[in-house]
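What follows is a short report on a single structure.
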Amino acid sequence: MTDMNSAGLSGEERLKNRRRAYWKYIGWAMGIAFVAGVGGGVLAILAVKGVVPAWILYPLTAVTLIAFAWFSYDYFRRIDELDLLDNLWATTVGFYVYFALEIFWLLFNRAGLTPPPDDIAVLGISMLALVLTYGWRKLRWN
């Protein structure tokens, strides 16, 4: 069925509107995630210092996981097959980098060649690989 709201728009105008809506959604989602992350970090620090009860972190974690699941579902419901393919490539590369880096770092550690794996460094490097792959695919440098 055709979209009756965009019947008078050209293909370029519809694409421009779709891209604008996509980036607006991404901006709102990232803004909400940033505020939630900062708020959660502040609450965690306050819980460690004893200012707020530590149990507050359990419902906060539950709300965060539910919100993450909902935003993920909503995001994947909104994107088309090309965006989905970009996401699949990026997450696959990110996972492979994480897996290989963790395994080889652990192997070298057991051989006495490196210190124990730094999980934050491994996560950061794999996320960087994911973002670079997504950008490469999104900007069509392939």
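Because the structure is predicted, anything quoted here is derived from the model rather than measured.
Atom CD of E13 is separated from atom CZ of R20 by 10.0 Å, given to the nearest 0.5 angstrom. The CZ atom of R78 sits 9.5 Å away from the CD1 atom of I26 when rounded to the nearest 0.5 Å. The distance from atom CZ of F76 to atom CG of D83, rounded to the nearest 0.5 Å, is 10.0 Å. Remark: R77 CZ to W70 CH2 distance equals 7.5 Å, nearest 0.5 Å.
The minimum heavy-atom distance between A129 and T133, with the atom names listed, is O-OG1, 2.7 Å. For the residue pair P116 and W105, the shortest heavy atom distance occurs at O-NE1, 3.8 Å. In plain terms, the two heavy atoms of S126 and G94 that are nearest each other are CB-O, 3.4 Å. Contact between P53 and A47 at its shortest, heavy atoms only, is O-CB, 4.3 Å. In plain terms, the two heavy atoms of N87 and I79 that are nearest each other are ND2-CD1, 3.9 Å.
Other residues, nucleotides and ligands contribute more than 12 heavy atoms inside 6.0 Å of the CG atom of L113.
Ring geometry for Y75 versus Y25: interplanar angle under 30°, hence parallel rather than tilted (30 to 60°). In this structure, F108 and F104 have tilted ring planes: the angle between them lies in the 30° to 60° band.
Within the 4.5 Å cutoff, the side chain of L128 has no heavy atoms near those of the I125 side chain.
Sorted pairs that involve residues 48-68 and meet side-chain hydrogen bond (donor to acceptor under 3.5 Å, both in side chains), not counting sequence neighbours, are lacking altogether. Judged as a side-chain hydrogen bond (donor to acceptor under 3.5 Å, both in side chains), not a single pair has a partner in residues 90-104 (not counting sequence neighbours).
Under the 4.5 Å side-chain heavy-atom criterion for grouping Ile, Leu, Val, Met, Phe, Trp and Tyr, L57 is not connected to I45 through any hydrophobic cluster. In the hydrophobic clustering of this structure, W23 groups with M30; members are Ile, Leu, Val, Met, Phe, Trp, Tyr whose side-chain heavy atoms approach within less than 4.5 Å, directly or through other members. Y22 is connected to F71 through a chain of hydrophobic side-chain contacts under 4.5 Å among Ile, Leu, Val, Met, Phe, Trp and Tyr, so both are in one cluster. The same ILVMFWY cluster, assembled from side-chain heavy atoms under 4.5 Å apart, contains both V42 and L60. In the hydrophobic clustering of this structure, L107 does not group with L101; members are Ile, Leu, Val, Met, Phe, Trp, Tyr whose side-chain heavy atoms approach within less than 4.5 Å, directly or through other members.
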For this session: In sequence, state the C-alpha distance, the side-chain angles, and the governing distance for W136 and L132, and then conclude on side-chain contact (heavy atoms from CB on, under 4.5 Å).
Result: CA-CA 6 Å; W136 182 39; L132 290 174; over 6 Å; no
For this session: Apply side-chain contact (heavy atoms from CB on, under 4.5 Å) to the pair R137 and L85, showing each step before the final yes or no.
Result: CA-CA 9 Å; R137 298 267 318 169; L85 191 58; 3.5 Å; yes
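Donor-acceptor pairing under 3.5 Å is lacking for the side chains of N17 and R14.
A donor-acceptor distance shorter than 3.5 angstrom exists from the side chain of N109 to the backbone of T114, with no hydrogens or angles considered.
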